[in-house]
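For reference, the structure is listed below as structure tokens.
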Amino acid sequence: ASTGNSKVERRIGIANVDSLTNMSWCHGPHNWWSYSYAYSVTTRNLMPTKTNPGHISPYEYAYKRTPNVSMLVSFGCLAFAHIATIDRNGKTNYRKASRVCAMLGYTLKPDGHPLGYNLYDCDLGTIIERPDNLVVFNVDMPTLKFIAERSVQRPVDLGDTRMLW
């Protein structure tokens with residue numbers, strides 16, 4: 001009986017470590033923890049593993065088809081979600097065409113395959129869903145670092161202001 005429990009406990013431990021790693025990389029707030037955990041489990045289910053026969057993913061083992069891993073991106077990375085023209089009041093000129101977002105996870109089909117993305121809209125402070133073709137990612141940049149760099153006040157160059165005595 002302990003053999004089955006130890007396997008489950010190990011998988012839970014791996015998901016916890018993955019979630020901690022995700023949160024550490026993106027410096028996400030504590031309320032993103034559940035999204036980080038769900039992201040870790042989904043990603044692990046789509047990736048090949050040595051424990052399954054033929055080194056296939058748990059998803060492929062359960063559904064007998066290869067998952068599309070091209071959708072996988074880093075948790076908390078910078079995302080730009082397209083804003084539809086109707087949401088821009090019908091005006092296309094001089095309006096923002098995208099929102100700065102953080103990638104929080106995937107919207108899933110009933111079989112567990114990713115369909116789109118759950119994003120944190122940094123302007124509105126809400127979670128939005130977008131299909132995969134309406135989001136552009138910068139996987140090397142954590143969103144919160146990008147926002148912090150944009151909002152830092154740059155010092156004004158006043159020239160040489162040293163007192164000369």
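Hydrogens, waters and symmetry mates are skipped; everything else that's a heavy atom, side chains included, is used. These figures come from a predicted structure and were not determined experimentally.
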Exercise for review: Please state whether the rings of Phe80 and Phe146 are parallel, tilted or perpendicular, taking 30° and 60° as the class boundaries.
Suggested key: perpendicular

Practice item. Please work out whether the ring planes of Trp32 and Phe75 are parallel, tilted or perpendicular, with thresholds of 30° and 60°. Key: perpendicular

Quick check: does any side chain N or O of [X] sit under 3.5 Å from a backbone N or O of [Y], one acting as donor and the other as acceptor?
{"X": "Tyr117", "Y": "Met71", "result": "yes"}
{"X": "Thr42", "Y": "Ala38", "result": "yes"}
{"X": "Arg99", "Y": "Ile83", "result": "no"}
{"X": "Thr143", "Y": "Cys77", "result": "yes"}

**Study point:** Interatomic spacing from CG in Asp123 to OG in Ser98 - rounded to 0.5 Å
**Key:** 9.5 Å

Check your understanding: To the nearest 0.5 Å, how far apart are NE2 in His27 and NZ in Lys145?
Key -> 7.5 Å

**Study point:** Transitive ILVMFWY side-chain link Leu104 to Leu20, under 4.5 Å
**Key:** yes

Review point. Are Tyr35 and Val139 linked, directly or through other ILVMFWY residues, by side chains that come within less than 4.5 angstrom of each other?
Key: yes

Check your understanding: Under 6.0 Å from the OH atom of Tyr59, do we count more than 12 heavy atoms belonging to anything else shown?
Key -> yes

Check your understanding: Is it the case that Lys64 places NZ or CZ above or below the six-membered ring of Tyr61, under 6.0 angstrom from the centre and within 45 degrees of the axis?
Key -> yes

Review point. For Asp132, what residues pass the salt bridge (Lys or Arg N to Asp or Glu O under 4.0 Å) criterion, not counting sequence neighbours?
Key: none

Taking the side chain as every heavy atom from C-beta outward, state whether [X] and [Y] have any pair of such atoms under 4.5 Å apart.
{"X": "Ser36", "Y": "Asn22", "value": "yes"}
{"X": "Tyr120", "Y": "Val100", "value": "no"}
{"X": "Val135", "Y": "His82", "value": "no"}
{"X": "Ser40", "Y": "Thr21", "value": "no"}
{"X": "Arg130", "Y": "Leu119", "value": "yes"}
{"X": "Pro114", "Y": "Asn68", "value": "no"}

Exercise for review: Indicate whether any N or O donor in one side chain lies under 3.5 Å from an N or O acceptor in the other, for Asn45 and Ser57.
Suggested key: no

**Study point:** Check against side chain to side chain contact (heavy atoms under 4.5 Å, CB included), Met47 and Val69
**Key:** CA-CA 8 Å; Met47 300 305 296; Val69 294; 4.3 Å; yes

Practice item. Can you spot which of Trp33, Trp25, Tyr106 makes a ring-ring contact (aromatic ring centres under 6.0 Å, His included) with Tyr39? Key: Tyr106

Practice item. Could you go through the side chain to side chain contact (heavy atoms under 4.5 Å, CB included) check for Leu115 and Leu108 one step at a time? Key: CA-CA 5 Å; Leu115 180 63; Leu108 302 174; over 6 Å; no

Exercise for review: Give the intermediate values and the outcome of side chain to side chain contact (heavy atoms under 4.5 Å, CB included) for residues Tyr37 and Asn16.
Suggested key: CA-CA 7 Å; Tyr37 198 86; Asn16 283 337; 3.0 Å; yes

**Study point:** Test side chain to side chain contact (heavy atoms under 4.5 Å, CB included) applied to Asp121 and Ile127, step by step
**Key:** CA-CA 6 Å; Asp121 188 329; Ile127 307 295; over 6 Å; no

